[in-house]
> 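Below is one structure. I have some questions about it.
All chains are named by letter (A, B, ...) in the order of the sequence lines, taking the proteins before the strands, and each is independently numbered beginning at 1.
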There are 2 protein chains.
Amino acid sequence: MPCKMHPESTDRQIERNWPEGIKKTKQRIAIYRILADSDTPLSAAEIYQTLNQNSEKPLYAFSTVYRCLQTFEDAGVLAKSVLISEETAVYELRTGTHRHYAICMKCHRKFPLRSCMLGDLRRMLSEEAEGFEITGHQLEIYGYCSSCTRS
Amino acid sequence: MPCKMHPESTDRQIERNWPEGIKKTKQRIAIYRILADSDTPLSAAEIYQTLNQNSEKPLYAFSTVYRCLQTFEDAGVLAKSVLISEETAVYELRTGTHRHYAICMKCHRKFPLRSCMLGDLRRMLSEEAEGFEITGHQLEIYGYCSSCTRS
DNA sequence: GATGCAAATGCAAATCATTCGCATCTTAAT
DNA sequence: ATTAAGATGCGAATGATTTGCATTTGCATC
């Protein structure tokens with residue numbers, strides 16, 4: 001399942017974005033590729049499934065998936081988040097511009113928001129939080145998408 | 001550990017806000033009280049600990065805590081969320097105005113944000129999300145509070 | 001106030017995502 | 001090619017949450 005609109009772009013992206021000092025192994029490359037080709041954040045289980053979908057018995061271990069994700073996160077190329085609507089963590093590559101999603105509570109599809117319209121986050125801090133150093137944020141909208149009715 | 005500024009207000013709040021058709025048991029009342037008296041969202045473990053802090057052997061079971069929280073959530077008086085910085089879910093009573101927090105990645109303290117400054121969330125939806133019915137949202141700022149240095 | 005039944009609780013066992021220990025295999029630098 | 005540091009695979013361990021089931025309790029009814 002290579003990428004969609006620009007053939008080869010994933011390979012080039014790997015060349016350019018591969019984090020400094022991180023060994024290239026076939027597992028890591030495969031996981032990176034899956035993340036790069038996905039347009040929504042993926043869970044470890046989804047990545048594991050995609051990795052092993054074409055083989056009889058698993059070629060890649062679950063622990064490897066988690067360890068690679070951890071490695072990418074430490075290296076700063078991956079963002080981990082825990083969505084309210086799911087019970088498990090999901091992961092996506094950090095692109096230049098981060099993303100937020102509207103998540104359907106029924107089908108669990110994730111729709112990227114137009115853009116991050118959060119202005120000055122610092123202004124939201126109260127006096128008690130004086131001196132708080134902001135390093136990140138997370139916004140999530142949830143509800144029901146047009147294909148799913150409420151109940 | 002009764003409430004802080006207004007003696008009895010918790011009892012009155014329980015009278016007024018107790019959800020329709022939900023039996024009052026001492027466990028549920030105790031859990032509601034703990035949530036009402038807390039100024040930050042609490043995890044199930046924190047609630048369990050508070051419940052049992054004054055007795056030799058546990059008076060209340062963990063499963064009861066989870067089941068009560070589920071009941072309150074279903075009844076709509078409780079909001080569950082999974083913060084990025086923690087591994088476990090946290091819970092808080094739904095007050096009229098919902099809250100968001102700045103969370104310290106080191107000490108895990110939660111500082112309520114001044115207010116929800118998110119304007120029209122619908123405008124953030126992209127075309128693909130046409131027809132999405134928004135039922136809630138979650139915003140979270142993370143970083144390091146003034147008492148904790150970065151590393 | 002006593003009674004009955006549906007619903008709630010306590011306990012322990014089960015589940016599910018995630019992490020860890022350790023022996024073996026790979027990467028990448030020499 | 002050689003090799004040491006680091007990565008992987010496997011299965012067992014962990015920790016949060018859920019569940020089955022026997023027992024207890026809230027509360028509507030007498």
> Scan B:Ala45 against the nucleic acid and name what it touches under 4.0 Å (heavy atoms): base, sugar-phosphate only, or nothing.
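Counting heavy atoms under 4.0 Å across all strands, no contact is made by B:Ala45.
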> Can you name the residues that form a side chain to side chain contact (heavy atoms under 4.5 Å, CB included) with A:Val77, not counting sequence neighbours?
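Applying side chain to side chain contact (heavy atoms under 4.5 Å, CB included) to A:Val77 gives A:Pro19, A:Phe72.
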> Could you pull out all residues at least two apart from A:Ala79 that satisfy side chain to side chain contact (heavy atoms under 4.5 Å, CB included)?
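Once residues adjacent in sequence are excluded, the partners of A:Ala79 under the side chain to side chain contact (heavy atoms under 4.5 Å, CB included) criterion are A:Arg94.
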> Which angle, to the nearest 10 degrees, lies between the helix axes at the two ends of the helix from C:dG1-D:dC30 to C:dT30-D:dA1, each defined by five pairs?
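Computed angle between terminal axes is 40°.
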> Is it the case that A:His137 and A:His100 place a side-chain donor and acceptor less than 3.5 Å from each other?
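A pair is found: one side chain offers a donor N or O, the other an acceptor, under 3.5 Å apart.
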> Identify each donor-acceptor pair in which a side-chain atom of residues 59-71 of chain A lies under 3.5 Å from a protein atom, sequence neighbours left out, and give them as a table.
unit_1  : atom_1 : unit_2  : atom_2 : d
A:Ser63 : OG     : A:Arg67 : NH2    : 3.3
A:Gln70 : NE2    : A:Asp74 : OD1    : 2.9
A:Thr71 : OG1    : A:Arg67 : O      : 2.8

> Would you please name every residue forming a side chain to side chain donor-acceptor pair (under 3.5 Å) with A:Tyr101, sequence neighbours left out?
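A:Tyr101 satisfies side chain to side chain donor-acceptor pair (under 3.5 Å) with A:Glu92 once adjacent residues are dropped.
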> Hey, does B:Val90 have a side-chain heavy atom less than 4.5 Å from the side chain of B:Ser81?
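SC-SC contact between B:Ser81 and B:Val90 confirmed.
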> Taking only residues two or more places apart in sequence, or in another chain, which ones meet A:Glu15 in a side chain to side chain donor-acceptor pair (under 3.5 Å)?
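None.
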> Could you state the CZ-C1' distance from A:Phe62 to D:dA7, rounded to the nearest angstrom?
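Going from A:Phe62 (CZ) to D:dA7 (C1'), I get 18 Å.
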> Closer to the 5' end of DNA chain D via nearest nucleotide, is it B:Tyr91 or A:Pro58?
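The residue mapped nearer the 5' terminus is A:Pro58.
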> Identify, with sequence neighbours excluded, every residue that meets side chain to side chain donor-acceptor pair (under 3.5 Å) alongside A:Ser147.
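Per chain and number, A:Ser147 pairs via side chain to side chain donor-acceptor pair (under 3.5 Å) with A:Arg109.
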> Taking only residues two or more places apart in sequence or in another chain, which ones pass side chain to side chain donor-acceptor pair (under 3.5 Å) with A:Thr88?
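A:Thr88 satisfies side chain to side chain donor-acceptor pair (under 3.5 Å) with no other residue.
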> To the nearest Å, give me how far apart CD1 (A:Ile29) and C1' (D:dT8) are.
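Rounding to the nearest Å, CD1 of A:Ile29 and C1' of D:dT8 are 14 Å apart.
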> Could you give the side-chain donor-acceptor pairs of residues 22-35 of chain A under 3.5 Å, partners two or more places apart or in another chain?
unit_1  : atom_1 : unit_2  : atom_2 : d
A:Thr25 : OG1    : A:Arg28 : N      : 3.1
A:Arg28 : NH1    : A:Lys23 : O      : 3.1
A:Arg33 : NH1    : A:Asp11 : OD1    : 2.6
A:Arg33 : NH2    : A:Asp11 : OD1    : 3.1

> Whole angstroms only, please: what is the OH-C1' distance between A:Tyr60 and D:dG9?
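Answer to the nearest Å: 13 Å.
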> How would nucleotides 21-30 of chain D be written as a contact map, 5' to 3', with B for base contact, S for sugar-phosphate-only contact and - for no contact, using protein heavy atoms under 4.0 Å?
-----BS---
> Shoot me the first and last contacting nucleotide of DNA chain C against chain A, ordered 5' to 3', at under 4.0 angstrom to non-hydrogen atoms.
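Reading along DNA chain C, I get C:dA17 to C:dA28.
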> For DNA chain D, whose closest nucleotide is more 5', that of B:Ser43 or that of A:Cys68?
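First, find each residue's nearest nucleotide; the 5'-ward one identifies A:Cys68.
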> What integer distance in Å separates A:Tyr48:OH from D:dT8:P?
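Atom-to-atom, A:Tyr48 to D:dT8, this comes out as 15 Å.
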> With sequence neighbours excluded, tell me which residues meet salt bridge (Lys or Arg N to Asp or Glu O under 4.0 Å) with A:Glu127.
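Counting only residues at least two positions away or on another chain, A:Glu127 forms a salt bridge (Lys or Arg N to Asp or Glu O under 4.0 Å) with B:Arg114.
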> Can you check the A:Tyr66 OH to D:dA13 P distance for me, whole Å?
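Result: 19 Å.
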